[in-house]
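The structure under discussion appears below in the form of structure tokens.
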2 protein chains.
Amino acid sequence: MGLAKTEMFTDKQNEISLFAKVFGHPARVAILQHLFKISSCACGDLVSEIGLAQPTISQHLKELKHLGLIKGNVEGTSVCYCIHKENWIAMKTVMTEFLNQDVSENQDCC
Amino acid sequence: MGLAKTEMFTDKQNEISLFAKVFGHPARVAILQHLFKISSCACGDLVSEIGLAQPTISQHLKELKHLGLIKGNVEGTSVCYCIHKENWIAMKTVMTEFLNQDVSENQDCC
DNA sequence: TTTATTCATTGCAATATTACGATTAATATA
DNA sequence: TATATTAATCGTAATATTGCAATGAATAAA
């Protein structure tokens with residue numbers, strides 16, 4: 001039914017999957033990398049940089065903003081975006097804990 | 001059109017997004033956490049553990065296997081799954097590099 | 001005030017994902 | 001051999017995602 005049964009999972013599992021999902025598209029990865037590289041950036045610059053249409057970029061920015069990973073600031077007719085540092089660090093803590101699960105103690109089955 | 005334009009992005013960006021995408025569903029997060037916890041596990045045990053139907057779990061396992069994050073070993077009529085350690089560590093390197101982009105030098109725009 | 005610029009929103013088409021019943025394939029056991 | 005067990009695959013319905021043209025909203029500049 002195309003719909004994840006989130007009620008079957010822990011809050012942490014759902015949180016991890018939500019963060020991961022937003023990184024699950026190369027355009028959003030590229031947007032974030034560009035924001036890290038140049039600190040802050042207007043939407044229009046991202047459109048030229050990434051190469052997708054303006055409404056598409058705007059939609060990806062909306063998802064990143066909705067998760068709190070970026071901030072947007074209106075400056076005249078343009079909107080300046082940047083990384084939301086505190087939230088990025090908080091996200092990193094959650095994801096790193098997941099990625100760092102200890103693999104050394106485990107015995108292979110195969 | 002529901003299809004990511006991967007040709008517009010770098011190999012690294014596509015790689016990051018593919019790894020992230022597979023973590024973008026709580027069932028796959030739960031499967032991986034369970035495999036870390038108990039080292040190795042039959043498909044049927046994961047079905048009881050997670051609570052989704054057997055074909056659904058089988059499908060999620062297929063995706064994890066396709067990305068190389070788990071291994072499956074046939075043991076009689078059951079199949080034993082475990083984390084693919086080397087590939088997990090390699091994935092972790094890629095994802096950690098992405099997550100650890102330096103945020104401290106950046107100036108906020110807002 | 002008019003026009004230009006920039007970005008968000010809407011609406012839609014194409015494709016992908018999620019979930020599961022039914023079935024199949026493979027092996028173990030009686 | 002016949003039956004049971006386990007897991008993969010197939011087929012399909014429901015929903016989500018991606019991408020963009022068209023449009024709208026807001027501000028700046030002429």
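Chain identifiers are assigned alphabetically (A, B, ...) following the order of the sequence lines, protein sequences preceding nucleic acid strands; residue numbering begins at 1 within each chain. What you see is a predicted model; the values in this text were computed from it and never measured.
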Could you write nucleotides 21-30 of chain D as a row of B, S and -, 5' to 3', where a protein heavy atom under 4.0 Å of any base atom gives B, of only sugar-phosphate atoms gives S, and otherwise -?
BB----BS--

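B/S78 comes within 4.0 angstrom of sugar-phosphate atoms only, judged by non-hydrogen atoms across all strands, and of no base. Counting any heavy atom pair closer than 4.0 Å across all strands shown, B/A27 reaches no nucleic acid atom.
Between the CD1 atom of B/I57 and the P atom of C/dC20 there is a distance of 9 Å, given to the nearest Å. Whole-Å rounding puts the B/L18 CG to C/dA16 P distance at 13 Å. Between the CD atom of B/Q59 and the C1' atom of C/dT17 there is a distance of 8 Å, rounded to whole Å. Atom NE2 in A/H25 sits roughly 13 Å away from atom C1' in D/dC20 (whole-Å rounding). Rounded to an integer number of Å, the gap from CG of A/L61 to C1' of C/dT9 is 14 Å. We find that CG of A/L46 is positioned 17 Å from C1' of D/dG19, with the value rounded to whole Å. Atom CZ of B/R28 and atom C1' of C/dA19 are 12 Å apart (whole Å). In this structure, A/K5 places its NZ atom 13 Å from P of D/dT15, rounding to the nearest Å.
The shortest distance between side-chain heavy atoms of A/I31 and A/E49 does not fall below 4.5 Å. Within the 4.5 Å cutoff, the side chain of B/F23 has heavy atoms near those of the B/L69 side chain. At least one side-chain heavy atom of A/L32 sits under 4.5 Å from a side-chain heavy atom of A/I70.
Along DNA chain D, the nucleotide nearest A/T56 and the nucleotide nearest B/S58 are compared for position; the residue whose nucleotide lies closer to the 5' end is B/S58. Taking for each of A/A42 and A/T6 the nucleotide of DNA chain C with the nearest heavy atom, the 5'-most of the two is the partner of A/A42.
Under the 30°/60° scheme for interplanar angles, the aromatic rings of B/H25 and B/H60 are found to be tilted.
B/H60 has a side-chain polar atom (N or O) that falls below the 4.0 Å cut-off from OP1 or OP2 of C/dA19.
Residue pairs that meet the salt bridge (Lys or Arg N to Asp or Glu O under 4.0 Å) test with at least one member in residues 19-35 of chain B, sequence neighbours left out, are B/R28-B/E63.
Looking at the side chain of A/K21, the nearest of the listed nucleotides C/dT18, D/dT17, C/dA8 is D/dT17.
Pairing each heavy atom of B/V47 with each of B/A53, the nearest pair is CG1-C, 4.5 Å.
Without hydrogens or angle criteria, A/W88 side chain to B/L99 main chain gives a donor-acceptor distance under 3.5 Å.
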